[in-house]
Structure formats: structure tokens, C-alpha cells
Amino acid sequence: QCEEAAYEERRYPAGKWACVTMGEPMYEQSISMSFMKLMRYICKENSVGCYLGMTVPVLNEIHLTKEGTELEREVVTAYYLPGQFQQNPPVPMDPEIHITERAPLRVITRVFYGTTTEETILREISLFWELLGSTDTVLRETYIVASYENPSIPQRRNEIWFIYQA
């Protein structure tokens with residue numbers, strides 16, 4: 001019987017992403033509001049006036065406070081633009097959505113299931129550090145939560161990404 005790998009390393013190429021930054025009191029509020037803005041952009045509220053197509057995962061970039069015990073309020077939610085829009089991204093109607101060119105990314109990733117709250121994310125980060133042990137090859141204050149399914153699915157698949165230092 002094959003046991004699922006505890007974590008894996010991945011590389012992502014540079015590319016254009018539509019990003020929204022929110023700083024609501026609760027993490028879930030920030031990602032929910034950001035995702036709704038991005039969905040409106042994806043569905044029609046863009047300069048080409050049509051459905052752009054959904055890509056996964058949707059990324060939520062988070063930062064820990066200096067003490068490492070809680071999340072900073074500001075969360076960046078990012079949607080990868082489909083291939084046909086990489087060269088010439090449709091302009092968002094919403095001024096809070098920014099098209100950003102992100103550098104190539106090298107991460108170590110670990111899957112977890114369920115809802116993503118500040119509590120579950122902090123627990124996943126802590127568990128991942130226990131697995132990895134002491135290392136200075138990854139960032140300690142910035143992490144990414146990758147979501148592959150609709151936030152309303154109770155046992156949805158998520159990943160926590162540890163980002164390698166450049």
C-alpha cells in the first residue's frame with residue numbers, strides 16, 4: 001500500500017495574475033470578498049466583456065505577524081489568467097483588481113482538506129514546520145494557501161505552500 005507523500009516540491013513559471021488585496025477583520029471575509037470580485041471580473045466585468053475561463057488553484061498569499069502566532073489582516077487573492085490572455089490581459093472594470101506579473105515560483109506544498117480559517121491555516125503551517133524540521137531555505141513570514149475547489153464545498157482540497165528563498 002502506497003502512503004501519500006507528506007509534501008512535494010513544485011515550480012511554477014512566471015505569468016500574469018489578477019490580484020485583489022483585502023484586509024477584513026477575518027481571513028474568511030477577505031478571501032470571500034476578493035473571490036467575488038475576481039469572479040465578476042472572470043465572468044464579464046472586463047474590457048473584452050466575456051467569460052475568461054476559470055483556472056485553479058486560486059492563491060491566497062498570507063503573512064504572519066512578527067510573533068508568528070496570527071495572520072496579518074492583508075491577504076492577496078490571485079487568479080492565474082488563462083493562456084490566451086497572458087500576453088494581453090483584459091482590463092478589470094473594478095479598480096481594486098490589479099493585473100500583476102509574478103516571478104517564477106518554487107514551493108514545497110502539502111495538501112489539507114476542509115475550510116480555510118485563520119485557525120486551520122495556522123495549524124497547517126505549524127504541522128508543516130514539524131514535518132520539515134529546521135530549514136532556512138523557505139520563507140518564514142509569507143505563505144500561500146492554494147484552493148482548488150469552490151469555497152462552499154465543506155471538504156474542499158487546499159494546499160499550504162512554503163516559498164523557497166530566491
Side-chain angles (χ1 to χ4, degrees), residues 7-24 26-43 45-46 51-65 68 70-86 89-90 92 94 96-129 132 137-166:
Y7 55 87
E8 66 179 272
E9 182 178 319
R10 285 198 214 124
R11 290 173 188 267
Y12 290 91
K16 292 194 174 73
W17 295 73
C19 302
V20 178
T21 303
M22 286 277 169
E24 295 302 312
M26 287 174 64
Y27 171 80
E28 302 92 302
Q29 292 171 307
S30 289
I31 63 166
S32 174
M33 290 171 72
S34 293
F35 187 72
M36 291 317 295
K37 283 179 171 290
L38 289 171
M39 281 311 296
R40 286 193 291 273
Y41 168 68
I42 293 163
C43 289
E45 293 181 16
N46 56 63
Y51 177 66
L52 305 180
M54 193 63 209
T55 61
V56 290
V58 170
L59 304 183
N60 294 293
E61 187 177 302
I62 56 169
H63 303 275
L64 293 189
T65 56
E70 53 186 46
L71 302 183
E72 295 276 359
R73 292 285 59 99
E74 250 182 27
V75 180
V76 178
T77 301
Y79 151 79
Y80 184 78
L81 287 152
Q84 70 267 35
F85 300 113
Q86 279 293 315
D94 186 332
E96 289 187 25
I97 298 174
H98 301 280
I99 305 299
T100 310
E101 172 88 33
R102 298 188 83 157
L105 196 57
R106 184 172 157 228
V107 298
I108 319 177
T109 170
R110 184 165 186 268
V111 175
F112 68 101
Y113 295 90
T115 55
T116 52
T117 62
E118 179 164 354
E119 189 184 352
T120 60
I121 290 165
L122 290 170
R123 185 174 64 236
E124 289 302 324
I125 288 171
S126 173
L127 288 168
F128 204 171
W129 275 114
L132 278 180
T137 59
V138 295
L139 300 177
R140 283 204 166 262
E141 56 287 325
T142 303
Y143 300 91
I144 293 174
V145 180
S147 298
Y148 287 84
E149 295 163 311
N150 186 310
S152 63
I153 296 173
Q155 279 304 307
R156 76 169 183 264
R157 177 176 178 243
N158 307 290
E159 293 173 345
I160 188 80
W161 291 5
F162 281 25
I163 305 161
Y164 277 98
Q165 311 247 22

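Within the 4.5 Å cutoff, side-chain heavy atoms of L122 are placed close to those of L64. The shortest side-chain heavy-atom distance between L105 and R11 does not fall under the 4.5 Å cut-off. At a threshold of 4.5 Å between non-hydrogen side-chain atoms, the residues M33 and T77 do not count as touching. For the pair V20/F35, no side-chain contact is recorded, criterion being any heavy-atom separation below 4.5 Å from C-beta on. Contact of the L127 side chain with the F112 side chain is not registered, since no non-hydrogen atoms from C-beta on lie closer than 4.5 Å. By the 4.5 Å heavy-atom criterion applied to side chains, E8 and T109 are counted as neighbours. Between I108 and F128, some side-chain heavy-atom pair lies under the 4.5 Å cut-off. In this structure, the side chains of E9 and V107 stay at 4.5 Å or more apart for every pair of heavy atoms.
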>> With side-chain contact (heavy atoms from CB on, under 4.5 Å) as the criterion, how do E72 and T65 come out once you've worked through the C-alpha distance, each side chain's angles and the decisive distance to 0.1 Å?
In response: CA-CA 6 Å; E72 295 276 359; T65 56; 4.3 Å; yes

>> Run the side-chain contact (heavy atoms from CB on, under 4.5 Å) test on M54 and M39 for me, step by step, so that the C-alpha distance in whole Å, both residues' side-chain angles and the decisive distance to 0.1 Å come before the verdict.
In response: CA-CA 9 Å; M54 193 63 209; M39 281 311 296; 4.0 Å; yes

>> Would K16 and T100 count as a side-chain contact (heavy atoms from CB on, under 4.5 Å) here? Give the steps.
In response: CA-CA 5 Å; K16 292 194 174 73; T100 310; over 6 Å; no

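One distance of note links CD1 of I121 with CD of E70; it measures 13.0 Å at 0.5 Å rounding. For the atom pair CG (N158) and OH (Y148), the distance works out to 9.5 Å, reported to the nearest 0.5 Å. Interatomic distance, CD1 of I31 versus CG of N60, reported as 5.0 Å (0.5 Å rounding). A distance of 9.5 Å separates CG of N46 from CG of L81, quoted to the nearest 0.5 Å. Taking CD of Q29 as the reference point, atom CE of M22 lies at 10.5 Å (rounded to 0.5 Å). Distance check, rounded to the nearest 0.5 Å: CZ of R10 to OH of Y12 gives 3.5 Å.
Classified by interplanar angle (parallel below 30°, tilted 30° to 60°, perpendicular above 60°), the ring pair Y41/Y79 is perpendicular.
Pairing each heavy atom of T116 with each of E28, the nearest pair is O-CG, 3.6 Å. Taking all atoms of both residues into account, the shortest heavy-atom contact from L52 to P82 is O-CG, 3.3 Å. Shortest non-hydrogen contact noted between E24 and S30 is N-OG, 2.9 Å. In this structure, A18 and L38 approach most closely via the heavy-atom pair O-CD2, 3.7 Å. Closest heavy-atom contact between L59 and W17: CD1-CH2, 3.4 Å.
T21 is linked by a side-chain hydrogen bond (donor to acceptor under 3.5 Å, both in side chains) to nothing, counting only residues two or more places apart in sequence or in another chain.
Residue E119 qualifies as open at atom CD: its count of foreign heavy atoms under 6.0 Å is 12 or below.
Side chain of Q86 to backbone of G15: no donor-acceptor contact under 3.5 angstrom is found.
Residue pairs satisfying the side chain to side chain donor-acceptor pair (under 3.5 Å) criterion with at least one member in residues 120-129, sequence neighbours excluded, are listed as follows: R110-E124, T117-T120, W129-Y143.
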